[in-house]
Participant: 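Could you have a look at this structure, given as structure tokens, before my questions?
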There are 2 protein chains.
Amino acid sequence: MRVTYRGDYALKVVLALALNYGKDVVTIHELAKRIDAPIKFLEQVLLDLKKGGFVESRRGKMGGYRLARPPGNITVGQVIRFIDGPTEPISCVRNGYSSCGDMYKCVFRKVWQDVAKTTSDIIDNVTFEALAFEADSEQEVLVYSI
Amino acid sequence: MRVTYRGDYALKVVLALALNYGKDVVTIHELAKRIDAPIKFLEQVLLDLKKGGFVESRRGKMGGYRLARPPGNITVGQVIRFIDGPTEPISCVRNGYSSCGDMYKCVFRKVWQDVAKTTSDIIDNVTFEALAFEADSEQEVLVYSI
DNA sequence: GTATACTCTACTATGTTAGTAGAGATAGTC
DNA sequence: GACTATCTCTACTAACATAGTAGAGTATAC
């Protein structure tokens with residue numbers, strides 16, 4: 001798998017919203033500042049995340065974004081697959097076709113399937129609740145270390 | 001990680017040469033036919049593999065390619081990293097810098113480091129000796145099943 | 001009704017990928 | 001020594017993906 005800037009911003013902005021879960025909405029402007037992303041680019045990412053059912057928005061004055069679901073119900077795998085596409089390292093595994101009769105493909109496909117599986121085992125089990133918890137500790141450390 | 005056609009051909013051609021290890025050299029033309037790759041494209045890949053010390057060649061009539069080292073000493077990880085570059089999913093992990101002070105980067109970097117590690121654990125432990133053994137069995141099955 | 005903030009479409013610059021083309025160098029064979 | 005098969009090397013190109021930028025449009029609070 002390869003994580004693009006788009007995917008990276010998506011993960012960061014979902015985390016930013018997870019850290020704000022239960023509170024009021026946050027504007028794109030504020031989110032862009034927090035995660036250090038170009039505002040117009042983040043706009044598009046947020047629009048996609050909305051289509052994917054990850055975030056919801058309110059327009060107009062006092063508008064902004066918030067998570068559409070509890071952070072515990074959103075995983076890194078869900079977000080990155082939705083934004084950056086399949087995480088499998090090669091197309092024959094991405095498409096998941098089963099028997100090819102070509103030994104050159106077959107022996108490597110097994111390797112790539114293993115990689116895909118261990119990758120999924122990780123990214124599908126990291127929720128934004130866990131990440132938000134980690135980020136909170138991180139922040140505390142920073143505060144106390146000043 | 002993402003495996004390109006270039007990387008895919010590289011792995012296949014090394015396997016083809018591993019299956020021929022100890023015997024005579026094989027021409028690009030023959031290799032291209034066996035792994036079903038565009039001959040001029042494979043040329044470039046083989047040239048790279050030579051620079052990487054994976055294969056060696058003989059010019060002129062009766063020329064061709066063979067493995068430069070025993071198949072047991074070549075891993076999938078070595079070949080794919082040399083041809084397609086680093087396998088880490090994101091640049092901050094690829095470059096391996098240690099402390100960033102940015103919580104948004106830090107919490108995700110741990111995830112990507114885990115992914116990179118499990119990926120390496122797989123691809124760095126698959127040798128072309130093992131793959132050639134698998135491919136041989138595969139071939140036998142095909143022969144007997146006709 | 002006006003300011004603020006989200007929505008949507010289009011455009012662009014840059015880099016990567018997957019090739020293709022063709023001239024050049026080398027080594028066997030007649 | 002010419003011929004031919006084969007590897008070597010550089011340059012070029014078409015198509016696509018990435019990382020933005022630009023600007024007009026729409027909804028909502030006050």
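Residue numbers start from 1 in every chain, and the chains themselves are labelled A, B, ... in the order their sequence lines are given, proteins ahead of strands.
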Participant: Check whether any side-chain nitrogen or oxygen of B:T4 sits under 4.0 Å from OP1 or OP2 of C:dA18, and answer yes or no.
Facilitator: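 Answer yes for this pair, as a side-chain N or O of B:T4 is under 4.0 Å from OP1 or OP2.
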Participant: Which donor-acceptor pairs under 3.5 Å do side chains of residues 78-87 of chain B form with protein atoms, sequence neighbours excluded?
Facilitator:
residue: B:Q78; atom: OE1; partner: B:T75; partner atom: N; Å: 3.4
residue: B:R81; atom: NH1; partner: B:T87; partner atom: OG1; Å: 3.2
residue: B:R81; atom: NH2; partner: B:D124; partner atom: OD1; Å: 2.4
residue: B:R81; atom: NH2; partner: B:D124; partner atom: OD2; Å: 2.6
residue: B:D84; atom: OD1; partner: B:T4; partner atom: OG1; Å: 2.6
residue: B:D84; atom: OD2; partner: B:T4; partner atom: N; Å: 2.9
residue: B:D84; atom: OD2; partner: B:T4; partner atom: OG1; Å: 3.2

Participant: Out of curiosity, does A:L131 fall in the hydrophobic cluster containing A:I122 (side-chain heavy atoms, cut-off under 4.5 Å, transitive links)?
Facilitator: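 Yes, A:I122 connects to A:L131 through the hydrophobic network.
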Participant: Using atom CG of A:L47 as one end and atom P of C:dT9 as the other, report the distance to the nearest whole Å.
Facilitator: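 Distance, rounded to whole Å: 9 Å.
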Participant: Please report, rounded to the nearest Å, how far the C1' atom of D:dG20 is from the CG atom of A:D8.
Facilitator: 15 Å
Participant: Let's go through B:K50 and B:E56 carefully: what are the C-alpha distance in whole Å and the side-chain angles of both, what is the deciding distance for salt bridge (Lys or Arg N to Asp or Glu O under 4.0 Å) to 0.1 Å, and is it a yes or a no?
Facilitator: CA-CA 6 Å; B:K50 191 181 171 185; B:E56 53 193 23; over 6 Å; no
Participant: Tell me which pairs pass salt bridge (Lys or Arg N to Asp or Glu O under 4.0 Å) where either residue lies in residues 35-46 of chain A, with sequence neighbours left out.
Facilitator: A:K40-A:E43
Participant: Would you find more than 12 non-hydrogen atoms of other residues, nucleotides or ligands less than 6.0 Å from A:E134 atom CD?
Facilitator: yes
Participant: Without swapping roles, check the side chain of A:N20 against the backbone of A:D24 for a donor-acceptor pair under 3.5 Å.
Facilitator: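 Yes; judged by distance alone, with no hydrogens or angles, the pair exists.
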Participant: Would you mind classifying the nucleic acid contact of B:K50 as base, sugar-phosphate or nothing, using non-hydrogen atoms under 4.0 angstrom?
Facilitator: sugar-phosphate
Participant: Just to be sure I understand the rule, does B:L46 reach a base, reach only the sugar-phosphate, or reach nothing, if contact means heavy atoms closer than 4.0 Å?
Facilitator: nothing
Participant: What is the separation between atom CD on A:E30 and atom P on C:dA5, rounded to the nearest whole Å?
Facilitator: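 Going from CD in A:E30 over to P in C:dA5 covers 11 Å.
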Participant: Could you state the OH-C1' distance from A:Y65 to C:dT7, rounded to the nearest angstrom?
Facilitator: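 The answer, rounded to whole Å, is 7 Å.
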Participant: Within the 4.5 Å heavy-atom criterion, are A:V26 and A:Y65 side-chain neighbours or not?
Facilitator: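 Sidechains of A:Y65 and A:V26: no contact.
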Participant: How does protein contact run along nucleotides 19-27 of chain C, one letter per nucleotide 5' to 3', with B for base contact, S for sugar-phosphate only, - for none, heavy atoms under 4.0 Å?
Facilitator: BBBB--BBB
Participant: Can a side chain N or O of A:T27 be found less than 4.0 Å away from OP1 or OP2 on C:dT4?
Facilitator: no
Participant: Of A:R6 and B:I28, whose closest DNA chain D nucleotide lies nearer the 5' terminus?
Facilitator: B:I28
Participant: Measure from NZ on B:K51 to P on D:dT8 and round the result to the nearest Å.
Facilitator: 10 Å
Participant: Just the rounded figure in Å: distance from P of D:dA19 to CD1 of A:I83.
Facilitator: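 It works out to 12 Å between those atoms.
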Participant: B:R2 CZ to C:dG15 C1': how many Å, rounded?
Facilitator: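 After rounding, the gap between these two atoms is 13 Å.
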Participant: Specify the separation, in whole Å, of atom CG of A:D48 and atom P of C:dT9.
Facilitator: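 Taking atom P of C:dT9 as the reference, CG of A:D48 is at 12 Å.
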